[in-house]
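Since this is a predicted model, take the numbers as computed values, not measurements.
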Amino acid sequence: KDLDAMIDKGIKGLVDLKGGKGGWGWWHDNDINPFITSYVTEYLLRAQKLGHTVPQSVFDDIRGWAERRISESNITKEERIAVIYILTTLGSEKGKTQITDFEGLTPDVHALAVLANIANGNRDRRTNGVEALLRQGESGGDTIRWRAGRGDFFGSEDASTALVLRALVAARELETAEKVAQHFSQNRSERFWSNTFATAQVLEALTALAKATSLDTKAVSYRVLLNGKEITKGAINDPLDSVDVALNPKDLSQESTISVKLDSAGPLYSTVLVDEYRTDRNLKAANKGLEVFREYRGDFVPGGTVEILITVSGSAQDNAYLVIEDHLPAGLIPINTRLESERESENRYGDYYQSGLDFKDDGAVFGYQWWRGETLTARYKARVVSRGEFTAPPAVASLMYKPQISGRSSIHTIRVSDRDAGVIKMSDPAQERPAGSQVPTAKSETPIQPIYYWIFAGLAVLAIAFVLYEKFWKKVNEQ
């Protein structure tokens with residue numbers, strides 16, 4: 001793939017998501033989150049240094065917001081550290097300050113404070129926060145790790161440990177840093193660490209460590225074997241180098257094994273990337289911690305309107321950051337009720353109010369930042385535009401920062417016609433429901449409802465109380 005084009009597309013997406021604000025939230029229309037903004041700012045600066053174009057107005061907006069925010073009285077200690085880190089990376093004079101209060105900080109925020117202090121010239125481990133940070137570490141044999149941070153800062157053990165590793169490399173605590181790096185080599189059960197944010201921090205930290213220790217690195221010789229047969233070999237001299245080995249899919253089967261053998265001492269990391277285009281229209285629904293069910297309501301006739309309901313249930317999670325994504329079959333287009341021409345009197349998209357909603361060309365994406373495992377149903381509408389038989393990919397739900405917890409619905413085949421229209425096939429018969437059956441409703445003990453619901457409820461209670469009060473005094477007066 002064209003990596004430069006992917007980066008440029010990512011930059012454009014981030015700039016569009018920022019809009020006219022001075023930073024980013026979890027969703028584009030959420031309030032600015034200083035921690036997210038520090039994360040995005042750092043990597044936009046990195047992209048700019050690599051030669052990619054980032055509008056200067058973006059950095060000016062961020063700097064302006066951060067310089068105002070640092071002076072506001074309602075800023076928390078954690079937010080203040082994130083803002084100082086932003087200002088430090090942008091070279092603002094208001095960021096040239098020392099952070100001295102580390103009490104009660106989670107390791108991830110504490111590590112940001114150390115990085116900011118070192119960038120501002122304090123290399124004394126007793127006062128820049130390094131010693132206090134090391135005391136929070138948990139040793140396990142030849143490795144060290146740090147506990148997860150706050151959920152709304154995308155906290156995970158991997159993210160905390162990676163940010164600490166970055167701070168230790170910046171502080172030239174390389175002996176301890178090597179032990180931290182061992183934690184990552186021994187504790188990766190997936191093709192990533194915890195989530196995208198944690199993975200980015202781990203790669204950043206390991207790259208920084210490799211650069212800091214590259215003078216002592218020797219060449220590593222390797223061989224790649226497919227089903228026990230050598231297909232390539234070579235040596236890597238620079239720790240920042242990588243080698244791509246392409247495999248012919250015709251040589252692979254379900255029983256194939258791929259192995260990397262070292263012919264010399266030294267660490268070597270390998271990753272298998274699989275590009276797949278799935279065409280199986282009989283793919284079953286899947287439950288990897290989340291059950292997903294999709295239902296269509298309405299008439300599949302040209303010009304008609306169909307409502308799509310996606311019900312998700314799963315085990316309780318705090319700050320789960322649930323994301324639901326649905327793609328329509330080719331004969332339908334989503335109705336974007338945010339457009340003036342499509343606005344409805346009731347702008348409601350389910351029985352559990354989302355933190356964010358984006359309409360795509362062929363569907364919609366829902367985000368639920370505070371979902372705690374309750375059964376919920378996301379809803380949106382689509383207009384029928386073309387006759388024919390079409391296939392809808394499965395609706396997919398996952399926890400954004402724990403992507404291994406996910407689920408998908410059945411695949412639907414629909415017919416758009418003036419007669420005999422509707423869903424004609426589901427890839428997973430187990431998800432079929434009798435006609436007229438109801439989609440499960442939310443089972444939240446404390447469902448999130450709009451404030452006017454409570455206002456109406458309060459007015460109703462007052463009205464009942466007034467009627468009872470009138471009846472009571474009427475009886476008293478009659479006596």
Side-chain angles (χ1 to χ4, degrees), residues 9 13 275-287 290-312 322-351 354 356-368 376-398 406-440:
K9 183 178 180 181
D275 288 330
E276 293 181 324
Y277 179 69
R278 299 186 180 185
T279 58
D280 184 4
R281 296 190 179 187
N282 296 311
L283 190 68
K284 304 297 183 186
N287 181 341
L290 298 178
E291 183 178 16
V292 183
F293 175 81
R294 179 174 60 197
E295 180 184 5
Y296 295 96
R297 293 181 181 176
D299 297 324
F300 285 92
V301 296
T305 299
V306 174
E307 185 177 29
I308 301 91
L309 300 89
I310 304 155
T311 302
V312 178
L322 172 70
V323 175
I324 302 172
E325 184 171 4
D326 186 55
H327 295 273
L328 294 167
L332 282 72
I333 58 173
I335 297 176
N336 185 348
T337 51
R338 289 178 173 174
L339 300 177
E340 194 68 35
S341 59
E342 299 285 8
R343 184 160 295 171
E344 297 179 342
S345 59
E346 183 181 18
N347 188 18
R348 187 166 180 241
Y349 301 99
D351 51 28
Q354 72 282 337
L357 169 63
D358 284 340
F359 288 102
K360 305 297 183 181
D361 291 340
D362 64 343
V365 181
F366 298 80
Y368 300 87
L376 67 86
T377 300
R379 306 165 183 254
Y380 72 107
K381 293 182 178 181
R383 183 165 288 114
V384 183
V385 294
S386 300
R387 292 179 176 85
E389 291 189 4
F390 308 102
T391 300
V396 177
S398 64
S406 63
R408 66 170 179 260
S409 74
S410 177
I411 294 173
H412 287 77
T413 301
I414 66 162
R415 179 184 292 126
V416 176
S417 176
D418 295 320
R419 61 179 183 175
D420 298 328
V423 176
I424 60 176
K425 181 183 177 183
M426 293 177 66
S427 64
D428 192 342
Q431 287 213 325
E432 292 183 3
R433 291 180 177 165
S437 63
Q438 296 297 310
V439 173

[X] side chain near [Y] side chain, heavy-atom distance below 4.5 Å:
| X | Y | result |
| --- | --- | --- |
| Val384 | Val306 | yes |
| Ile324 | Val365 | no |
| Pro302 | Asp418 | yes |
| Arg387 | Ser417 | no |
| Leu328 | Pro334 | yes |
| Glu389 | Val416 | no |

Just how far is it from atom [atom1] of [X] to atom [atom2] of [Y], taken to the nearest 0.5 Å?
| X | Y | atom1 | atom2 | result |
| --- | --- | --- | --- | --- |
| Leu376 | Thr311 | CG | OG1 | 7.5 Å |
| Ile308 | Lys381 | CD1 | NZ | 10.0 Å |
| Arg294 | Ser410 | CZ | OG | 7.5 Å |
| Ser406 | Leu322 | OG | CG | 11.0 Å |
| Arg408 | Glu325 | CZ | CD | 14.5 Å |
| Ser386 | Leu332 | OG | CG | 8.5 Å |

Just do the side chain to side chain donor-acceptor pair (under 3.5 Å) check on Lys425 and Asn282 with the steps written out, would you?
-> CA-CA 10 Å; Lys425 181 183 177 183; Asn282 296 311; 2.9 Å; yes
Is it the case that Thr391 and Arg281 place a side-chain donor and acceptor less than 3.5 Å from each other?
->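 Checked: Thr391/Arg281 side chains pair up, N/O donor to acceptor below 3.5 Å.
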Ignoring hydrogens and angles, state whether a donor on the side chain of Asn336 or Tyr380 is under 3.5 Å from an acceptor on the partner side chain.
->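 No donor-acceptor contact under 3.5 Å links the two side chains.
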Looking only at atom types and distance, does a side-chain atom of [X] sit under 3.5 Å from a main-chain N or O of [Y], one as donor and one as acceptor?
| X | Y | answer |
| --- | --- | --- |
| Arg415 | Asp420 | yes |
| Asp326 | Ala364 | no |
| Thr305 | Arg383 | no |
| Asp428 | Ala430 | yes |

Heavy atoms only: give me the nearest Pro394-Ser409 pair and the separation to one decimal.
-> CB-O, 3.1 Å
Mind running side-chain contact (heavy atoms from CB on, under 4.5 Å) on Val292 and Ile310 for me, showing each step along the way?
-> CA-CA 7 Å; Val292 183; Ile310 304 155; 3.8 Å; yes
For side-chain contact (heavy atoms from CB on, under 4.5 Å), just list the numbers for Val423 and Thr413, CA-CA rounded to whole Å, side-chain angles, deciding distance to a tenth of an Å, and then say yes or no.
-> CA-CA 6 Å; Val423 176; Thr413 301; over 6 Å; no
May I ask you to decide if the ring planes of Tyr368 and Phe366 are parallel, tilted or perpendicular, using 30° and 60° as cut-offs?
->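 Ring orientation of Tyr368 relative to Phe366: parallel.
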Could you point out which residue of Phe293, Phe390, Phe300, Tyr296 forms a ring pair (Phe, Tyr, Trp, His ring centres under 6.0 Å) with His412?
-> Tyr296
